[in-house]
Amino acid sequence: MDIWELYRQRGFARQATDEGALKTLTDTAAAGGGVLTAYTGFDPTADSFHVGHLIPLMGLIHFQRAGHRPIVLLGGGTAMIGDPTGKNEMRKMLTDEELAKNTDALRRQAARLMDFDSGNPSAAIMANNGDWLRQWGYIDFLREIGHHFSVNRMLTFETFKTRMETGLSFIEFNYPLLQAYDFLELSRRYDCTVQLGGDDQWANIISGVDLVRRVERRDVFGWTFPLLTTSSGAKMGKTEKGAVWLDPEKTSPYEYYQYWVNVDDADVAKCLGFFTLLPMEEVNRLSRLEGAEIRQAKQVLAREATRLIHGEEEAAKAEKGAKAVFGGGGDMDQVPSTTLEAARLADGVDLAEVMVSAGLAKSKGEARRLVDQGGVHLNGEKVTDGFMRITAAHGNQGHLMIKVGKKKFHRVVVA
RNA sequence: GGGGAGAUACCCGAGCGGUCAAAGGGAUCAGACUGUAAAUCUGACGGCUACGCCUUCGGAGGUUCGAAUCCUCCUCUCCCCA
C-alpha cells in the first residue's frame with residue numbers, strides 16, 4: 001500500500017492535483033529505492049502547535065513512516081505577511097522577536113513528533129522560509145516571481161473573493177506568491193515534489209505547482225487533507241479555555257486527554273483514523289461500537305492521541321487521573337491542582353477566590369453563580385453557599401477536590 | 001483628493017437624551033436527562049459579600065440635572081466618485 005492509499009483509508013484525502021501521476025511517481029521512487037519528499041508549511045503565529053495543526057502533522061508522520069522524507073516548513077517569512085485564508089480581517093503583525101520565539105518553539109515540538117536526526121534517507125528536514133524570502137529585494141521578486149502570476153486568476157480564489165467585500169490589503173494579496181515561491185525553493189533545494197496541506201490551502205498549493213512548472217518546467221504535486229471539523233461543521237480544537245495546545249505547559253496532558261475523551265460520538269471514528277497510529281482494522285473495530293460502548297473507543301482515542309504527543313508515561317498518568325475522578329478511587333495525583341498555604345485556612349479562604357485562582361471560574365461572581373446553579377461540589381458534596389469559606393475542617397488530609405460541572409475536577413493541595 | 005456610511009459585550013447585532021449593565025441571535029457555562037456522547041428543556045452569561053455600588057458602548061474633550069444616544073476634534077474601517 002502506498003502512502004496515498006493509506007491517506008485515503010485514514011481520511012487524509014481531500015483533493016490532489018494529479019493523483020495518477022502522483023502514484024506513478026511514488027511507484028518509480030519505490031522501485032528505485034528512493035524516497036519522495038513532501039512539505040507542509042506552518043506559520044509561527046503562536047508559540048505552540050494546537051489541535052488544529054494536528055492533521056497536517058499526522059500527515060507528515062505517516063509520510064515518514066511510509067519511508068518518505070517530510071519537510072516541516074516554518075513560515076518565519078510568510079508569517080510576516082499573514083495568510084488571509086479564512087480570515088475576515090487582517091491579522092496583527094508579529095514582531096521579529098515574537099516570530100523568532102514562536103519558530104523556535106514550533107521547531108522543538110515538531111522535532112519530538114518525527115525523526116529528524118537519524119541520518120536515514122527519510123529523516124525529516126526542518127526549514128524556515130524566512131531564510132530565503134527575506135533575502136529578496138522587492139523589484140527582483142516582482143520581476144522573477146511576480147510576472148508568473150495573473151491577477152485575474154488570483155481574484156478568482158475563494159479567499160480573495162470573500163475579502164473583496166470586507167477589504168483586502170496589498171500585503172495579504174501577495175501571500176500566495178510567497179507560498180508558491182516556497183515550493184519552488186524547496187523543489188530546488190531538496191527535490192521536494194509534493195506539497196501537503198489543509199484543504200483551505202488548495203489555492204496556495206496550486207499556485208506553487210504552477211510556479212514550479214513555469215519556472216523549472218517540472219511537474220510537482222499538491223495534496224490536501226480535510227479540515228478538522230466536527231460532524232456538525234464547527235471547527236474542532238477549541239474548549240471554553242480556548243485552543244487545545246500541544247505544549248504541555250499550555251494544555252496539560254490530563255486536559256489534552258480529556259479533550260479527546262469528550263469528542264462527540266459522531267466524530268470518534270474519524271478521529272481514530274486521524275489522530276492515532278492504530279492499524280485500520282483496529283480503528284474499524286472500535287468504530288463499530290455503539291451506544292455506551294463508544295466510551296471504550298473514546299478512551300482508546302484519548303490514550304493514543306495523548307501518547308503520540310506527550311509520550312507513554314504522560315498518557316498513562318492522564319488516563320489514571322481520568323479513571324480516578326470518573327470511575328472512583330485510584331490515583332488522584334494526575335488531576336490538575338493548585339496549592340494553598342495552610343496558614344490561610346486559619347480564618348477561612350473564600351471558595352470563590354480559590355476557584356478563580358484555579359482557573360475554574362473567570363471571576364468570583366461567576367464562581368458564585370456556578371454555586372447557585374448547583375454546579376460546584378467540594379469533596380463530593382454539593383456546595384450551596386456562594387460565600388462559603390474553606391477552613392481546615394475541609395482539609396481532607398491536605399487534599400480538597402473541587403468539581404465544577406460534571407467534568408472539571410481540580411485538586412487543592414494544602415501545604 | 002471629493003462624497004457617503006460606520007465603530008456597541010466573546011462573535012453577529014438592536015438601541016426614543018432619562019425607565020440601559022444595554023433587546024435579540026450565536027458561541028460558551030451550569031442544571032435536568034444520559035454514557036465524561038448527541039438532541040431537548042431550564043437557567044446563567046461586565047465586576048463587586050451585592051435588591052445596592054463600581055467600570056463599560058473606538059479615543060479625547062464638551063453640552064446637559066442626566067449621554068451608548070447631541071456637539072467638536074482624533075483614530076480606524078467600509079462604500080462610491082475622481
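All chains are named by letter (A, B, ...) in the order of the sequence lines, taking the proteins before the strands, and each is independently numbered beginning at 1.
With sequence neighbours excluded, no residue satisfies side chain to side chain donor-acceptor pair (under 3.5 Å) with A:Thr306. Remark: A:Glu282 engages A:Arg285 in a salt bridge (Lys or Arg N to Asp or Glu O under 4.0 Å) (not counting sequence neighbours). Residues that satisfy the ring-ring contact (aromatic ring centres under 6.0 Å, His included) test with A:Phe274, not counting sequence neighbours, are A:Phe12.
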For a quick test of your reading: what N or O donor-acceptor pairs under 3.5 Å do the side chains of residues 382-389 of chain A make, sequence neighbours left out?
residue  : atom : partner  : partner atom : Å
A:Asp385 : OD1  : A:Phe387 : N            : 2.8
A:Arg389 : NH2  : A:Gly348 : O            : 3.3

Let me have the donor-acceptor pairs involving side chains of residues 54-65 of chain A, under 3.5 Å, with sequence neighbours excluded, atom names and distances please.
residue : atom : partner  : partner atom : Å
A:Gln64 : OE1  : A:Asp115 : N            : 3.0
A:Gln64 : NE2  : A:Asp115 : O            : 2.8
A:Gln64 : NE2  : A:Ser122 : O            : 2.8

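Screening residues 141-153 of chain A for side chain to side chain donor-acceptor pair (under 3.5 Å), with sequence neighbours left out, gives no hits. Applying the side chain to side chain donor-acceptor pair (under 3.5 Å) test to residues at least two apart or on different chains, the pairs with a partner in residues 66-82 of chain A are A:Thr37-A:Arg69, A:Asp43-A:Thr78, A:Thr78-A:Asn129.
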Strictly under 3.5 Å: I want the nitrogen or oxygen pairs between protein and nucleotides 41-47 of chain B, one per line.
residue : atom : partner  : partner atom : Å
B:G43   : N2   : A:Gln373 : OE1          : 3.1
B:G43   : N3   : A:Gln373 : OE1          : 3.1
B:A44   : O4'  : A:Gln373 : OE1          : 3.3
B:A44   : O2'  : A:Arg369 : NE           : 3.0
B:G47   : OP1  : A:Ser363 : OG           : 2.7

What protein N or O atoms touch nucleotides 51-53 of chain B N or O atoms at under 3.5 angstrom, if any, and at what distances?
none

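Comparing the same atom, C1', in B:C20 and in B:U36 gives a spacing of 41 Å after rounding to whole Å. For the P atom pair drawn from B:G17 and B:U40, the interatomic distance equals 40 Å after rounding to whole Å.
Salt-bridge check for A:Glu19 with A:Arg8: passed, with a basic side-chain N closer than 4.0 Å to an acidic carboxylate O.
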